[in-house]
Peer 1: 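Quick one: this structure, given as C-alpha cells, is what I'll be asking you about.
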There are 2 protein chains.
Amino acid sequence: MVSDAESAPVFAKPVTLREVAAAAGVSVATASKALNGQGRMTADTRERIREVAQRLGFRPNHLAQSLLRRRSFTVGLLTNDTYGRFSLPLMAGVSDALVDNGVSVFLCNVEDDLRLGQLHVEAMLDKRVDGIIATGKRVDRHLPVDLSNLRVPVVYAFTQPDAGAIGLVSDDAGGARLAVEHFCRLGRRRIAHVSGPSSFEVVNTRADAYRAVLEENNLAVSEPLLGAWSEAWGHEAVARLFGGRGERPDAIFCGNDQIARGVIDALRERGVGVPDDVGVIGFDNWEIVAEATRPPLTSVDMNLASLGREAGLALLSLVGGQPAAPGIRKLPCRLVVRQSCGRPPGG
Amino acid sequence: MVSDAESAPVFAKPVTLREVAAAAGVSVATASKALNGQGRMTADTRERIREVAQRLGFRPNHLAQSLLRRRSFTVGLLTNDTYGRFSLPLMAGVSDALVDNGVSVFLCNVEDDLRLGQLHVEAMLDKRVDGIIATGKRVDRHLPVDLSNLRVPVVYAFTQPDAGAIGLVSDDAGGARLAVEHFCRLGRRRIAHVSGPSSFEVVNTRADAYRAVLEENNLAVSEPLLGAWSEAWGHEAVARLFGGRGERPDAIFCGNDQIARGVIDALRERGVGVPDDVGVIGFDNWEIVAEATRPPLTSVDMNLASLGREAGLALLSLVGGQPAAPGIRKLPCRLVVRQSCGRPPGG
DNA sequence: CTGAAAGCGCTTACAG
DNA sequence: CTGAAAGCGCTTACAG
C-alpha cells in the first residue's frame with residue numbers, strides 16, 4: 001500500500017444508474033423513469049429511488065444522454081478578439097444566457113489564423129455542438145473561418161454574418177443619435193465629430209447619423225474629422241479645431257473613448273473647460289477609460305452583454321427548430337451620462 | 001412541399017460509422033479498426049474504407065468515443081474576471097495549449113456568485129470534463145466555489161489554490177526586481193515606489209523586492225507610497241513626492257500601468273521631463289495604456305498567456321495520471337522596455 | 001405498476 | 001484477415 005502523500009491522487013469513478021438501480025432493488029429502466037419523472041409507478045417507489053440516487057450522489061452522465069437525445073446541450077463560441085475589449089462582455093452575455101438554459105459554451109480563440117479556425121470548428125462539430133456563435137472585434141469583417149453549410153445553426157454577433165444568416169449588431173446610427181441629440185438638448189450649437197478611420201463601416205454610419213441630427217435641428221454641419229482610434233489623434237484633432245481662426249465648437253462627439261480621452265486632455269492643456277466651454281461624449285463606454293478622464297466621460301454604451309444574451313437566445317431558438325428570419329438585427333445603444341457633457345441650461 | 005425560403009433550414013444528420021461500413025461492404029468493427037489504424041487487415045481494405053469515409057464526410061462522434069474511453073477531451077475554465085484584463089490572455093493561453101492537444105475548453109463565467117459557481121461546476125462534472133482550471137482576477141483571493149474533493153484534477157492559475165493543489169502564479173518579486181534593477185543599471189539613484197493598497201498581497205511582495213534590490217545596491221530606501229490602483233493616485237503621489245522640500249526621486253517604479261500613467265501625466269504637468277529627469281516603469285504591460293502614455297511606458301509583463309499555457313499542460317499531465325507535486329509554481333515576468341525609463345548612461 | 005429489450009454511435013477483446 | 005458480440009451509460013417504446 002502506497003502512502004497517500006506519495007501517490008498521484010485517485011479520482012473516484014462516478015456512480016452509474018445501474019448502481020442506483022441495484023441499490024434500490026429495481027431495474028435501470030425503472031430507476032431512469034423514477035429520476036426523470038417519466039412512466040407510472042407508486043409515489044413510494046419513485047421516492048425511494050430518488051433517495052438512493054441522492055445518497056449515492058448519482059449524477060447522470062451527459063455524454064450518454066446526449067448520444068440518445070442527439071443534442072449535446074453545448075455550443076461553440078468563436079472569437080478572434082484576443083484583446084477582448086469588445087468580445088469579453090459579449091462572451092459573458094452569451095455564457096450567462098446559455099448556462100441558465102443548461103447549455104455550456106466552448107471557448108474557441110481563432111486569432112486570425114485560418115488553420116486554427118478550421119481546427120476549432122471541426123473539433124466543435126465532432127463534439128456535436130448544438131450550434132455556433134461567431135463573434136469578433138469588428139462588425140464589418142468576417143471571421144477567418146467558413147461557417148456556411150455547417151450541420152448546425154450559426155448566429156453572428158458583432159461580426160459580419162454570412163449571406164442568409166442571422167447577425168446581431170449594435171445600432172450604431174442610433175447610438176450616435178443619442179449622443180448628438182443629447183448635445184442638442186443641452187443647448188450646444190456647434191457640435192463637432194472626431195472619429196476613427198473611414199475604412200471602418202461604423203465610422204461612416206455614425207458620421208451620417210451625426211449629420212442627420214444636426215440637419216434636423218437646423219445646426220451647421222462641420223465635416224467630421226477622421227483619423228486613428230487613438231488618444232494621439234484626439235490631441236491632434238483638438239489642435240486643428242482650436243488652432244485656426246475659425247469658429248470653435250462647443251461640443252465634440254468622439255468615435256471612441258480613447259479619442260475622447262485625448263480630446264479632453266488636449267482641451268485641458270489649452271485651458272478650455274470641459275464641460276463648461278466644450279462638452280465631450282465618447283463611444284464604447286469603456287469604463288476603465290471613461291472613469292479615468294477628468295472629468296469622467298459621458299459615453300455611448302453598445303450593450304454588448306445584452307447583445308451576447310440575445311445571440312445566445314437566438315441560437316437556442318434555432319436549435320429548437322424555430323424558424324427565424326435571416327438578416328441583421330440591430331440592438332439599441334444607451335447613453336451613460338457622466339460629467340463631460342454638461343448639464344441642461346436650466347439644470 | 002414547403003418552399004426553401006419559408007421553412008426553417010434542415011440540417012443534415014451526420015454520417016455514422018455504420019453507413020461507412022455498409023458503403024464499404026464491411027462490418028462496423030472492421031471500419032472502426034481501419035480508420036483508427038488498429039487490428040490487422042490488408043492495406044487494400046483499409047485504404048478502401050478510408051476512401052469511403054472520406055467521400056461520405058465521416059467524422060466520428062466524440063460523444064460516443066468519450067463514453068467508451070471515459071475521457072471527454074474537454075476541460076472547464078472557471079473565471080470571475082468579467083472585465084478580462086488579466087484572465088483573457090490567460091484564457092487564450094489555456095485554450096491554445098489545449099486545442100493543440102485535441103482538448104476543448106468550456107468557458108465558465110462565475111462572477112462572484114456562489115450559486116452560479118456551483119451551477120457551472122456541476123454542469124461541467126455532468127458533462128464529464130477531464131479536469132478544471134480555475135482562474136481569477138486576483139492572486140490572493142480564492143474563487144467563490146468549492147473545488148476540493150472533486151472527481152477530477154484541478155489546476156489554479158492566477159488565483160489562490162486550495163491546500164494541496166497545484167497553483168501557477170507570476171513571480172511578482174522577480175518582476176519587481178526586473179524593474180528596480182533596470183533602474184539601477186541605468187544609474188538612477190533615488191528610486192521611489194508608488195503602488196496599490198496593502199490589502200493586496202502583491203503590493204507587499206513587490207514592495208519587499210523593491211527594498212531588497214535597493215539595499216543590495218546600497219541605495220536609500222524610501223518608504224513605498226501606497227494608495228489606489230488608479231491614475232488619480234498616480235497624480236497625488238507625484239504631488240507628495242515633488243511638492244515638499246525633500247529630495248526628489250529620479251525614478252519611480254509603479255505598481256500598475258494606470259498609476260504609472262497618472263504619474264507620467266502629473267510629471268509632465270509639473271514640467272518634469274520623462275525619462276530625462278525621472279524614469280518611470282509600470283507593471284502589467286497593459287498595452288492599451290502602456291502605448292498611450294507619453295512617452296510610451298516601460299512595464300513589467302506577467303506573461304499571462306504563458307501562464308495559461310503552463311496551466312493547461314499541467315492539467316493535461318494530471319489528467320494523464322502523472323503525479324505532480326502540489327504547491328505554488330512561480331513563472332518569470334519580463335520587462336518590456338519602451339521610452340519612459342531612459343537609456344543607459346553611455347547609451 | 002415494473003422490467004426486458006433495443007438502441008444512441010462507437011471500440012475492443014474474442015472467435016473463426 | 002474479418003466479423004459477431006458485448007459494452008460505455010443512459011432512455012424509451014413495448015410487453016406483461
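Below, read A as the first sequence line, B as the second, and so on, with proteins coming before strands; counting in each chain starts at 1.
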Peer 1: Determine the Euclidean distance between corresponding P atoms of D:dA4 and C:dG7; express it in Å to zero decimal places.
Peer 2: 16 Å

Peer 1: Using a cut-off of strictly less than 4.0 Å, decide whether A:R128 has a side-chain nitrogen or oxygen near OP1 or OP2 of C:dG9.
Peer 2: no

Peer 1: If you count the non-hydrogen atoms of other residues, nucleotides and ligands that lie under 6.0 Å from CD in B:Q118, is the total more than 12?
Peer 2: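 It does: B:Q118 CD has more than 12 such atoms within range.
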
Peer 1: Looking at every non-hydrogen atom in both residues, tell me the closest pair between A:V52 and A:A24 and how far apart they are.
Peer 2: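 The pair with the smallest heavy-atom distance is CG2-CB, 4.0 Å.
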
Peer 1: Mind running side chain to side chain contact (heavy atoms under 4.5 Å, CB included) on A:V152 and A:D130 for me, showing each step along the way?
Peer 2: CA-CA 6 Å; A:V152 296; A:D130 299 332; over 6 Å; no

Peer 1: Restricting to non-hydrogen atoms, name the atom on A:A134 and the atom on A:T159 that form the minimum distance, rounded to 0.1 Å.
Peer 2: O-CG2, 3.4 Å

Peer 1: Let's see if you can work this out: which of D:dG9, C:dT11, C:dT2 has an atom nearest to the side-chain heavy atoms of B:L68?
Peer 2: C:dT11

Peer 1: Can a side chain N or O of A:R18 be found less than 4.0 Å away from OP1 or OP2 on D:dC8?
Peer 2: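 Answer is yes, contact under 4.0 Å.
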
Peer 1: Please determine whether the number of non-hydrogen atoms from other residues, nucleotides or ligands lying under 6.0 Å from atom CD of A:E122 exceeds 12.
Peer 2: yes

Peer 1: Could you list all N or O pairs between the protein and nucleotides 12-15 of chain D that sit under 3.5 Å apart?
Peer 2:
unit_1 : atom_1 : unit_2 : atom_2 : d
D:dA13 : N6     : A:K33  : NZ     : 3.4

Peer 1: Which part of the nucleic acid does B:T45 contact within heavy-atom distance under 4.0 Å: base, sugar-phosphate only, or nothing?
Peer 2: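 Counting heavy atoms under 4.0 Å across all strands, the contact made by B:T45 is with sugar-phosphate only.
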
Peer 1: Specify the closest pair of heavy atoms between B:V319 and B:P153, including all atoms of both residues, with the distance to one decimal.
Peer 2: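 The answer is CG2-CG, 3.9 Å.
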
Peer 1: Would you kindly give the CG-to-P distance between A:L125 and C:dG9, to the nearest whole Å?
Peer 2: 16 Å

Peer 1: Tell me, yes or no, whether the heavy-atom count around B:R151 atom CZ, taken from other residues, nucleotides or ligands under 6.0 Å, exceeds 12.
Peer 2: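 Enclosed: over 12 neighbouring heavy atoms sit under 6.0 Å from CZ of B:R151.
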
Peer 1: Whole angstrom is fine here: how far is it from CD in B:E19 over to C1' in C:dC10?
Peer 2: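 Rounded to whole Å, this separation is 13 Å.
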
Peer 1: Any idea which heavy atoms bring A:P326 and A:I166 closest together, and the distance?
Peer 2: CA-CG1, 4.0 Å

Peer 1: In whole angstrom, what separates A:H62's NE2 from D:dC8's C1'?
Peer 2: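 Taking NE2 of A:H62 and C1' of D:dC8, I get 17 Å after rounding.
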
Peer 1: With no hydrogens and no angle check, just 3.5 Å: does a side-chain donor-acceptor pair link B:K330 and B:S170?
Peer 2: no

Peer 1: Rounded to whole angstroms, how far apart are CG on A:L67 and C1' on C:dT11?
Peer 2: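 In whole Å, C:dT11 C1' and A:L67 CG are 13 Å from each other.
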
Peer 1: Would you say A:Q65 reaches D:dT11's phosphate, i.e. side-chain N/O to OP1/OP2 under 4.0 Å?
Peer 2: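 Answer yes for this pair, as a side-chain N or O of A:Q65 is under 4.0 Å from OP1 or OP2.
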
Peer 1: Nearest whole angstrom, please: distance from the P of D:dT11 to the CG of A:L17.
Peer 2: 6 Å

Peer 1: Choosing from C:dC1, C:dG9, C:dC10, which nucleotide comes nearest the side chain of B:P60?
Peer 2: C:dC10

Peer 1: So what stems show up for DNA chain C if we need 3 or more Watson-Crick or G-U pairs in a row, all under 3.5 Å?
Peer 2: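 So far as stems of 3 or more pairs are concerned, DNA chain C shows C:1-3 with D:14-16, C:5-12 with D:5-12, C:14-16 with D:1-3.
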
Peer 1: In whole Å, what is the span from the CZ atom of A:R71 to the P atom of C:dC8?
Peer 2: 20 Å

Peer 1: Give the rounded distance in Å between these two atoms: CG of B:L63 and P of D:dG7.
Peer 2: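 My rounded result for the distance is 22 Å.
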
Peer 1: For A:L56 and A:V15, work out which heavy atoms get closest and say how close.
Peer 2: O-CG1, 3.1 Å

Peer 1: What is the distance from CZ of A:R40 to C1' of C:dG3, rounded to the nearest Å?
Peer 2: 16 Å

